[in-house]
Protein chains: 2
Amino acid sequence: MEKGISPAVIRRMPRYYRYLGELLEDGVERISSNDLSRRMHVTASQIRQDLNNFGGFGQQGYGYNVQFLYDEIGKILGQTHMNHVILVGVGNLGQAIANYVRFEKLSFKMIGLFDIDPSKKGKEVSGIKIQMVDELEDFIKTHQVDIAALTIPKESAEPIARKLTELGVKALWNFAHVDLDVPEGVIVENVHLSDSLMTLSYNITKMK
Amino acid sequence: MEKGISPAVIRRMPRYYRYLGELLEDGVERISSNDLSRRMHVTASQIRQDLNNFGGFGQQGYGYNVQFLYDEIGKILGQTHMNHVILVGVGNLGQAIANYVRFEKLSFKMIGLFDIDPSKKGKEVSGIKIQMVDELEDFIKTHQVDIAALTIPKESAEPIARKLTELGVKALWNFAHVDLDVPEGVIVENVHLSDSLMTLSYNITKMK
DNA sequence: TCAGGCTTGTCAAACAATTAACAATGTAAG
DNA sequence: CTTACATTGTTAATTGTTTGACAAGCCTGA
């Protein structure tokens, strides 16, 4: 479809998607890059340039049809098909993420929870029974797993990631505070809470 | 101290800090930008350029002293003083974040938890009693609050943010999936899990 | 149906970030 | 003490991103 879209552009797409979703809820049918730029506090030029990476979705003299554009961005972001997610590490954060995926996004489905702690075996979180990490192999071989969320301590992140990728998992959503070394073709999306907090703390310090 | 450091640089500083911390644990005393670049998979040039935004921490022919550089970056990131954090919205994610802040980072201290649900009143999470949102005003007036974490639904994010900033809170760690409109001088650090997941899903789709 | 006004898609210019190159300077070994 | 080498800090070149400008073309009201 497209080739070599810059990461900067891709990071902005979910934000467009969100604003368009809100417009849709508000019953807005059409929007110009100018109106949208005012709402989103970005330049109209950037919006047009970003969208044109993927195709010409607008119409001169009219603007963009909100529903159409929303659907198109949805397609781009892979919101048209179901993504099956498993999660490894059912601690506090793991449970929160499990619930988050369960309720927040329709195109993602949590299908398995795994932990290393035997005392958690069989307990239910968000309606799913917790399994042991050594059951991962069986599970992945018998289920379609698109994404594995890693909410584990940084010490175990590397071995678990290796195991998962060896079993064919192609996308990791990594919450462990470590950079994972994965084979070619595997995607890692990091959520480094610690980095985020430190950035905040830097900005606070700078302000003073 | 410094002026106009680019956001791109700042985003990288916590990563340097982490790697230096690991080197320190491993008992490494000195490191060259070249060695570090190999470990971190970035260019040596970028490392030198980034660090030089804040001062000349290295020595020709020697490299960087790990302990010294670690401490300096710590200072830059505001890790030398305690940051007092409160959290609003003690749901699944809120509890996870409360625990996270409690155990993960020494320079941040969770000092208050707030929720709107009366049934949660007085319950303890991570050793802290949950208070009601209408007690926020009293609390902020009588305690030093550096950061407020917002783990609430997007509908309540805007009014709560307004209330907090009116009460003088200068930094928000926002987990709600909405862009907050805050007064000049208030810092917002967003953690948009949904955006992160969608970026992942985009990359999966693209790969196929 | 037509003219005037919008608004896009796109090209070019301005700006920002990254990488490369290298002179200056310190290290370290003999 | 001296020389060969390592490595920084910094300047210059390159690459990438954002903004500005405008022709082309559709919309809308008369």
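Each chain gets a letter, A, B and so on, in the order its sequence line appears, and its residues count up from 1.
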So does [X] get a side-chain nitrogen or oxygen closer than 4.0 Å to the phosphate oxygens (OP1/OP2) of [N]?
| X | N | answer |
| --- | --- | --- |
| A:Q59 | C:dT7 | no |
| B:R48 | C:dA21 | no |
| A:S33 | C:dT7 | no |

Separation of atom [atom1] in [X] from atom [atom2] in [N], rounded to whole Å:
| X | N | atom1 | atom2 | answer |
| --- | --- | --- | --- | --- |
| B:Q46 | C:dT18 | CD | C1' | 7 Å |
| A:L36 | C:dT7 | CG | C1' | 13 Å |
| A:L69 | C:dT7 | CG | C1' | 14 Å |
| B:I10 | C:dA17 | CD1 | C1' | 14 Å |
| B:N53 | C:dT18 | CG | C1' | 12 Å |
| A:D50 | C:dG9 | CG | P | 12 Å |
| A:I47 | C:dT8 | CD1 | P | 9 Å |
| B:N52 | C:dA20 | CG | P | 18 Å |

Could you give me the CA-CA distance, side-chain angles and deciding distance for B:E166 and B:K163, then say whether salt bridge (charged side-chain N to carboxylate O under 4.0 Å, His left out) is met?
CA-CA 5 Å; B:E166 277 168 11; B:K163 187 169 195 169; over 6 Å; no
Can you tell me if [X] uses its side chain to pair, donor with acceptor, with the backbone of [Y] under 3.5 Å?
| X | Y | value |
| --- | --- | --- |
| A:Y100 | B:S194 | yes |
| B:D115 | B:V90 | yes |
| B:Q79 | B:L77 | yes |
| B:S156 | B:I152 | no |

At less than 3.5 Å, do the side-chain atoms of B:S45 and the base atoms of C:dA20 form a donor-acceptor pair?
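Such a pair is found, so the answer is yes.
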Side chain of A:Q49, base of C:dT10: donor and acceptor closer than 3.5 Å?
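Not at all, since no donor on one side and acceptor on the other fall under 3.5 Å apart.
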Does NZ or CZ of B:R30 come closer than 6.0 Å to the centre of the six-membered ring of B:Y62, within 45° of the ring's axis?
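Relative to the ring axis of B:Y62, which defines the angle, B:R30 lies inside both limits.
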Which nucleotide of DNA chain D is the first, and which the last, in the 5' to 3' direction, to come under 4.0 Å of a heavy atom belonging to chain A?
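In short, chain A contacts DNA chain D from D:dT17 to D:dT28.
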Donor-acceptor side-chain pairing of A:E189 and B:S196 below 3.5 angstrom
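Per modelled atom types, A:E189 and B:S196 side chains form a pair under 3.5 Å.
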By nearest nucleotide on DNA chain C, pick out whichever of B:R30 and B:V42 is the more 5' one.
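Its nearest nucleotide lies further toward 5', so the answer is B:V42.
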Taking the nucleotide of DNA chain D with the nearest heavy atom to each, does B:G56 or A:Q60 sit closer to the 5' end?
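By nearest-heavy-atom nucleotide position, the 5'-most residue is B:G56.
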